[in-house]
Number of protein chains: 2
Amino acid sequence: MSISPPTLNRLCLYLRSLKRLQEDGVQQISSQKLAERFHLSAAQIRKDLAHFGAFGVRGVGYQVDELIPTLTSILRLDRRYRVVVVGMGNLGRAFASHPGFNRGPFVVVAGVDSDPAKIGETVNDFVVRDSQFLEEVTRESGAEIGVLTVPAHGAQENYERLAKAGVKGVLNFAPTRIRTIPGVPLKDVDLRIYLEELAYYLPFDDS
Amino acid sequence: MSISPPTLNRLCLYLRSLKRLQEDGVQQISSQKLAERFHLSAAQIRKDLAHFGAFGVRGVGYQVDELIPTLTSILRLDRRYRVVVVGMGNLGRAFASHPGFNRGPFVVVAGVDSDPAKIGETVNDFVVRDSQFLEEVTRESGAEIGVLTVPAHGAQENYERLAKAGVKGVLNFAPTRIRTIPGVPLKDVDLRIYLEELAYYLPFDDS
DNA sequence: ATGACCATGTGAAGAGTGTCACAAGCAGGG
DNA sequence: CCCTGCTTGTGACACTCTTCACATGGTCAT
């Protein structure tokens with residue numbers, strides 16, 4: 001069963017919203033209430049969920065405690081993913097030390113950098129290694145996901161090295177288009193473009 | 001003239017690609033070559049550009065040196081945007097000190113944090129101030145864009161304080177849905193969801 | 001047990017986006 | 001001057017995604 005990208009994105013949001021509700025002690029919720037609470041569309045929620053079967057109860061809504069494991073399973077978040085970070089600058093460190101990324105299914109198990117000043121530093125539970133040993137570090141740590149927080153000119157090479165070392169997917173923060181290798185999906189995240197997009201929607205004034 | 005979100009995103013990519021070509025000394029380029037070089041769609045490039053007028057020359061292609069200022073103007077990147085960062089953790093520092101964000105149209109002019117250990121630190125060209133003074137800091141620095149790199153529970157409050165202090169748009173990294181105020185557009189960037197989306201597309205194996 | 005109520009699940013309509021193929025048009029050489 | 005070759009700009013098509021409205025089918029009170 002395949003999920004379209006926009007649906008996938010929303011399912012992640014639903015899961016997070018449901019977890020928030022669970023923390024607040026909410027047992028069951030209707031699509032209407034869920035939509036109001038998190039600024040979503042009620043019909044969309046129902047359609048997205050119904051795509052995988054009937055999880056709700058008519059007249060009542062959805063059981064929070066049942067829906068969370070179901071969504072977690074659908075999104076394949078019911079297992080651990082080991083992550084290796086390439087480039088331990090501020091952004092790389094944000095990934096390695098932010099509790100939001102290191103809690104739950106994703107665990108940053110290793111990090112490398114080419115800057116001698118950073119090599120040897122202890123960041124989270126690991127010591128930063130030399131980029132030169134990226135392949136060994138990746139294999140030893142058993143990382144399945146690579147995060148590229150390196151300058152644009154080094155992104156392609158590091159992607160390929162990660163792929164060869166057995167990584168199954170790469171999240172790229174470098175502002176460049178990477179040629180992908182079949183079997184090693186890539187997701188681009190371009191922080192500068194987000195700023196540029198936001199700038200376009202700023203209320204226009206002639207200052 | 002309004003631009004749809006996907007088109008806007010691509011225009012930013014085109015602009016970046018063209019700048020790369022300009023650095024390489026390329027004078028003119030066809031949509032075909034541009035598409036090959038940066039893994040885009042030739043027809044899409046032409047359609048996106050033609051939406052704003054005829055910039056190309058039939059039989060030749062597009063003049064790099066002419067197209068760059070045109071795109072820059074369309075995207076409203078021909079001016080400076082002052083940015084204030086709320087939350088000077090690793091992610092906030094990445095924004096403030098990364099040359100990719102501080103070069104070009106975006107300049108981080110101020111940053112605040114609630115952690116006493118961080119207040120007073122010099123990050124880029126500015127000193128981190130107490131979050132308590134967010135409004136004053138924003139007004140004094142004349143910031144037009146706010147970046148939220150705070151925990152989820154503080155995001156809504158800080159968005160509203162930024163809005164009241166005169167910020168014209170907010171880029172939110174907190175994993176929560178913010179209720180927007182008319183006239184102050186918000187763009188959400190959720191790093192955890194990017195990991196989750198990537199995880200879904202990982203080649204499946206039964207390890 | 002029965003009826004009123006309520007929320008889901010879903011087919012159909014509508015909007016938006018991407019792809020394709022081709023006519024229009026410019027450059028350069030003969 | 002004319003013809004060939006190349007690339008743009010564009011209208012039509014196909015596809016995806018979203019929204020809407022309603023029938024289906026449970027729950028709860030009486």
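Excluded from the calculations below are hydrogen atoms, water molecules and symmetry mates; all remaining heavy atoms, backbone and side chain alike, are included. We name chains A, B, ... by the order of the sequence lines, and we start the count at 1 in each one.
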J.: For B/Gln44 and D/dG11, what is the distance between atoms CD and P respectively, to the nearest whole Å?
T.: 17 Å

J.: Under 3.5 Å, sequence neighbours excluded: what are the donor-acceptor pairs made by side chains of residues 183-191 of chain A?
T.:
unit_1	atom_1	unit_2	atom_2	d
A/Lys187	NZ	B/Glu197	OE1	3.1
A/Asp188	OD1	A/Asn172	ND2	2.7
A/Asp190	OD1	A/Arg192	N	3.2
A/Asp190	OD1	A/Ile193	N	3.3
A/Asp190	OD1	B/Arg16	NH1	3.4
A/Asp190	OD1	B/Arg16	NH2	3.3
A/Asp190	OD2	B/Arg16	NH1	2.2

J.: Whole Å only: how far is the CG atom of B/Asp48 from the P atom of C/dT19?
T.: 10 Å

J.: Rounding to a whole Å, what distance do you find between B/Ile45:CD1 and D/dT10:P?
T.: 16 Å

J.: Can you measure A/Leu49 atom CG to C/dT10 atom P for me and round it to whole angstrom units?
T.: 12 Å

J.: Between C/dT10, D/dG9, C/dT19, which nucleotide gets closest to the side-chain atoms of B/Arg46?
T.: D/dG9

J.: If you look at every strand shown and take non-hydrogen atoms under 4.0 Å, does B/Thr7 touch a base, only sugar-phosphate, or nothing?
T.: nothing

J.: In a check of side-chain hydrogen bond (donor to acceptor under 3.5 Å, both in side chains) between B/Glu144 and each of B/Arg80, B/Arg79, B/Lys168, which one passes?
T.: B/Arg79

J.: Given the ring of B/Tyr14, does B/Arg10 sit roughly above its face, with NZ or CZ under 6.0 Å from the centre of the six-membered ring and within 45° of the axis?
T.: no

J.: From CD of B/Gln32 over to P of C/dC20, roughly how many Å is that when rounded to an integer?
T.: 12 Å

J.: Between the side chains of B/Glu157 and B/Arg161, is the shortest nitrogen-to-carboxylate-oxygen separation below 4.0 Å, so that they form an ion pair?
T.: yes

J.: Counting only heavy atoms and a strict 4.0 angstrom limit, can you tell me which residues of residues 9-31 of chain B come near DNA chain C?
T.: B/Arg10

J.: Given atom CG of A/Leu34 and atom C1' of C/dA7, what is their separation to the nearest angstrom?
T.: 13 Å

J.: If the sugar-phosphate is the primed atoms plus P, OP1 and OP2 and the base is the rest, what is the B/S/- string for nucleotides 23-30 of chain C, using protein heavy atoms under 4.0 Å?
T.: -BBB----

J.: A/Lys47 NZ to D/dT16 P: how many Å, rounded?
T.: 14 Å

J.: With B/Arg129 as reference, evaluate B/Glu135, B/Glu140, B/Glu136 under the salt bridge (charged side-chain N to carboxylate O under 4.0 Å, His left out) test and give the passing residue.
T.: B/Glu140

J.: Is there a side-chain contact between A/Tyr62 and the phosphate of C/dG9, meaning an N or O under 4.0 Å from OP1 or OP2?
T.: yes

J.: If I take atom NE2 in residue A/His51 and atom C1' in nucleotide C/dG11, what distance separates them, rounded to the nearest angstrom?
T.: 14 Å

J.: Output yes when at least one side-chain N/O atom of B/Ser41 is less than 4.0 Å from OP1 or OP2 of C/dG18, else no.
T.: no

